[in-house]
Amino acid sequence: MTPPLPLTAQQIQFFNEEGYLIVPDVFDPADLEPLRRELAAEIEKKVRGLQAEGKLTNMHARLDFDRRLAALYRDSKENGETIMRHLEGLRGGGFHAPEMFDVIAQPKLLAKVASLLGSEEIVASSVYRIRPKLPNIGRGVVPWHQDSGYFSEHCDEHLIITCWVPLVDATIENGCMQILPRTHLGPVVEHRTGGNAGFLIIEDKDLPDHPRKAITAACPRGGVVFMTNRTPHCSTPNYSDHIRWSIDLRYQSADSPNNVGLWPESIGTDGQADDAFYEKVTVACYPPEADFLVHSRKTPEAVTDYAEYVKRREVYDRTQSKFSAYRRWPNRAGEAQPARSGH
Ligand SMILES: O=C(O)CCC(=O)C(=O)O
């Protein structure tokens, strides 16, 4: 088998200068089929559950993966939200089927990530998201932010790579991302709470390139948009007739702060870990979620397998509600805010 290709020197230079890189053919679109099928199966399971509870009559069973959830949401916002929250996995252990793990640990992707990190010792972060952006529903529109706005300050100077992976062709019409190029070497600018759907937001006046000269990051299925944690980006509404499915994955070098190997000594009946765990785990860039070693040239035997990945996610899920020490930002009126929930 030929080893997966790294990025070219020109691609790496582009990423370093621009703060982003779009590679249209990281995956064969067929590589993403198992994940699409598994997500569709998960929707089917949820739909059957809702039907059994008498909450839903039209299952929209004939609609394909790119349309079904939108029709279910149109019929009932409540049912749609239930299914979306389940898939998005925020504070719920997350969707962690083997098909998800296989994409996170896909050698074709990791070879490119290694090129950008300049390291073959790669830690994957559990801060990944599954985003079904439904047509004409504002909820999936993500305001301007830097991912570092969500991470702890001590990681501002470390490189954490976001890999944005569309599961359909992402276009301006269905709400792909917008990116501010050449601004990623500046600081983490002020974010405010109270953006759309609970997201953080950088006000226009605080954007590092104001008035902004954003690029539209259209990307075909099979492609990946790579960004740094300080690259300002947002996403626009979906005006198409189908769902803009995407996932976003995050990786960092094993030299950057992380919580690999950190487990609670014990978890009480209330689901909370021992205090020592909460203290130690603040070393991570995003303490509430489990990091894991996804690739290593030096110690391949230490790479996390699927069973351990699931265990880590589940253990961290039980402790998540205790994490309130997120980075604090003022609200849109400029008033200091108490701790808030995550990305
Ligand atoms: O998928 C989107 O619409 C936004 C994604 C995003 O903001 C991110 O990956 O950080």
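For ligands, and for the atoms within them, numbers begin at 1 and follow the listed sequence.
Ring geometry, Y309 versus F101: the interplanar angle falls from 30° to 60°, so the pair is classed tilted.
Per-residue contacts place D147 under 4.0 angstrom from the following atoms of ligand 1 (heavy atoms of the residue considered): 10 (O). Listed by number with element, the atoms of ligand 1 under 4.0 angstrom from any heavy atom of S246 are 1 (O). Contact atoms of ligand 1 toward R250: 8 (C), 9 (O), 10 (O) (distance under 4.0 Å to a heavy atom of the residue).
Inclusion of H233 in the set of residues having an N or O under 3.5 Å from an N or O of ligand 1 is warranted.
The shortest heavy-atom distance from M227 to ligand 1 is not under 4.0 Å. The shortest heavy-atom distance from Q146 to ligand 1 is not under 4.0 Å. The shortest separation from a heavy atom of R129 to ligand 1 is not under 4.0 Å, leaving the residue out of contact.
Using a cut-off of 4.0 Å between Lys/Arg side-chain N and Asp/Glu carboxylate O, R327 and D156 are scored as salt-bridged. Using a cut-off of 4.0 Å between Lys/Arg side-chain N and Asp/Glu carboxylate O, R221 and E33 are scored as salt-bridged. The pair R312-D291 does not count as a salt bridge, with every side-chain nitrogen at least 4.0 angstrom from each carboxylate oxygen.
For residues 250-320, the pairs satisfying disulfide bond (SG atoms under 2.5 Å apart) are C155-C285, with sequence neighbours left out.
Side chain of W329 to main chain of L200: no donor-acceptor pair is present (N/O by atom type, distance under 3.5 Å, no hydrogens or angles).
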